[in-house]
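Sequence lines set the chain letters: A, B, ... in the order given, protein chains first and strands last, and positions in each chain run from 1. Quantities reported herein were computed from a predicted structural model and do not represent experimental measurements.
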Amino acid sequence: MSAPPGEDLVNQWESEQARLRLQVVEEDTEDWQRSPDFSGLERVGGVDLSFIKGDEVNACAQLVVLSYPDLEVLYEDSRMVTLTAPYIAGFLAFRETPFLLEALQRLERNQPKLRPQVVFVDGNGVFHYREFGLACHLGVLSGLPCVGVAKNLLQVQGVHKNEQHQSQIAALQKGGDSFPLTAASGKVLGKALRSSDRSCKPVYVSVGHKISVTTAVRLTHSCCRYRVPEPIRQVAKDATKALKTSKYRRPLKICHLWECA
DNA sequence: GCGACAG
DNA sequence: ATCTTGTCGC
């Protein structure tokens, strides 16, 4: 008797997450993180994968490094990749991490002086079913401080998108205001952050690795010109642009009736 | 059956 | 994730 399709894989992934989870550092480890104005912080990174409609397999993997505090692009790398793992909520890292790591390794090899001091990741960190989202996974495997920023609320560990949550959102007055996302256990898994004065819809910030929640929220706010922090906004923009222009252009397959036998 | 489902 | 036009507001 074999398990239903996919169940073995998910079980294996869960134990991998449990194993790596032990290595997450949820405190500030860098001097610049303690500084009121982040002095000493000069480079912030962003990573992302972009897709084309109807293609779940091919994607553009992107890494950008921005200067801090000016948020100017210092480095960008994009590469077409072919994914193997499916998207399953809670297991995003197994789909994306290998290619994000490769991009970080290319940077390390070619321009080590541009290594980011912190990486913004599109997705959650410890705000996750098993407290080990994409930002933690990439953080542990790369050894770099990482911050998870999700654009949508994952309902997890007793955190619900209910009326209470909505009224907490409504109470966020200005950019930088936040409220904690508290698990049933009492642990603060992350924070909902109003990232700018003009955006009412918050982003969900959580620790990836080697940074505290408080610092992660403060840093995220300081990297926001718009709702989404600049490193992630830049990387997503460039990846989408790359997909639409030169790099990813193949003729559509012509379907012939006689092939449909 | 119904709702939830980071990207 | 991606699609797509206009529209409202500063």
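- Around atom CZ of R198(A), no more than 12 heavy atoms belonging to other residues, nucleotides or ligands sit under 6.0 Å away.
- No single ILVMFWY cluster, assembled from side-chain heavy atoms under 4.5 Å apart, contains both V213(A) and L154(A).
- The interatomic distance linking N58(A) (CG) with dA1(C) (P) rounds to 18 Å, in whole Å.
- Between the side chain of S167(A) and the backbone N or O of Q164(A) there is at least one donor-acceptor pair closer than 3.5 Å.
- For the side chain to side chain donor-acceptor pair (under 3.5 Å) test, residues two or more places apart in sequence or in another chain that qualify with E108(A) are R115(A).
- Y87(A) and F91(A) fall into different hydrophobic clusters, where Ile, Leu, Val, Met, Phe, Trp and Tyr residues are linked whenever their side-chain heavy atoms come under 4.5 Å apart, directly or through other members.
- Look at E102(A) and R79(A) and you find no salt bridge, because none of the NZ, NE, NH1 or NH2 atoms lies under 4.0 Å from a carboxylate O.
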Under 3.5 Å donor-acceptor pairs involving side-chain atoms of residues 222-231 of chain A, not counting sequence neighbours:
| residue | atom | partner | partner atom | Å |
| --- | --- | --- | --- | --- |
| S222(A) | OG | Y68(A) | OH | 2.9 |
| S222(A) | OG | L219(A) | O | 2.9 |
| R227(A) | NE | K201(A) | O | 3.0 |
| R227(A) | NH2 | K151(A) | O | 2.9 |
| R227(A) | NH2 | P202(A) | O | 2.8 |
| E230(A) | OE1 | R233(A) | NE | 3.3 |
| E230(A) | OE2 | R233(A) | NE | 3.4 |
| E230(A) | OE2 | R233(A) | NH2 | 2.8 |
| E230(A) | OE2 | Q234(A) | NE2 | 3.3 |

What protein N or O atoms touch nucleotides 4-7 of chain B N or O atoms at under 3.5 angstrom, if any, and at what distances?
| residue | atom | partner | partner atom | Å |
| --- | --- | --- | --- | --- |
| dA4(B) | O3' | Q155(A) | NE2 | 3.2 |
| dC5(B) | OP1 | Q155(A) | N | 2.8 |
| dA6(B) | OP2 | Y87(A) | OH | 2.6 |
| dA6(B) | O4' | N124(A) | ND2 | 3.3 |
| dA6(B) | N7 | G90(A) | N | 3.0 |
| dA6(B) | N6 | G90(A) | O | 3.1 |
| dA6(B) | N6 | F91(A) | N | 3.2 |
| dA6(B) | N6 | L92(A) | N | 3.3 |
| dA6(B) | N6 | H128(A) | NE2 | 3.3 |
| dA6(B) | N1 | L134(A) | N | 3.1 |
| dA6(B) | N3 | N124(A) | N | 2.9 |
| dG7(B) | OP1 | K151(A) | N | 2.9 |
| dG7(B) | OP2 | N152(A) | ND2 | 2.8 |

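- For D55(A) and N58(A), the side-chain atoms include at least one donor-acceptor pair closer than 3.5 Å.
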>> If a pair means Watson-Crick or G-U wobble with both distances below 3.5 Å, what does DNA chain C look like in dot-bracket form, with | marking bases paired to a different strand?
In response: ..........
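- Evaluated for a side chain to side chain donor-acceptor pair (under 3.5 Å) with E26(A), the options K210(A), H209(A), K187(A) yield exactly one hit, K187(A).
- A cation-pi contact links R218(A) to F38(A), judged by a cut-off of 6.0 Å to the six-membered ring centre and 45° from its axis.
- The cluster map of Ile, Leu, Val, Met, Phe, Trp and Tyr, joined by side-chain heavy atoms under 4.5 Å apart, puts L83(A) and L92(A) in the same cluster.
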Provide a list of protein-nucleic acid N or O atom pairs under 3.5 angstrom, restricted to nucleotides 7-10 of chain C.
none

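- R130(A) places none of its side-chain heavy atoms less than 4.5 Å from the side chain of R21(A).
- Paired regions of DNA chain B, requiring three or more successive Watson-Crick or G-U pairs whose two hydrogen-bonding distances fall under 3.5 Å, are not present.
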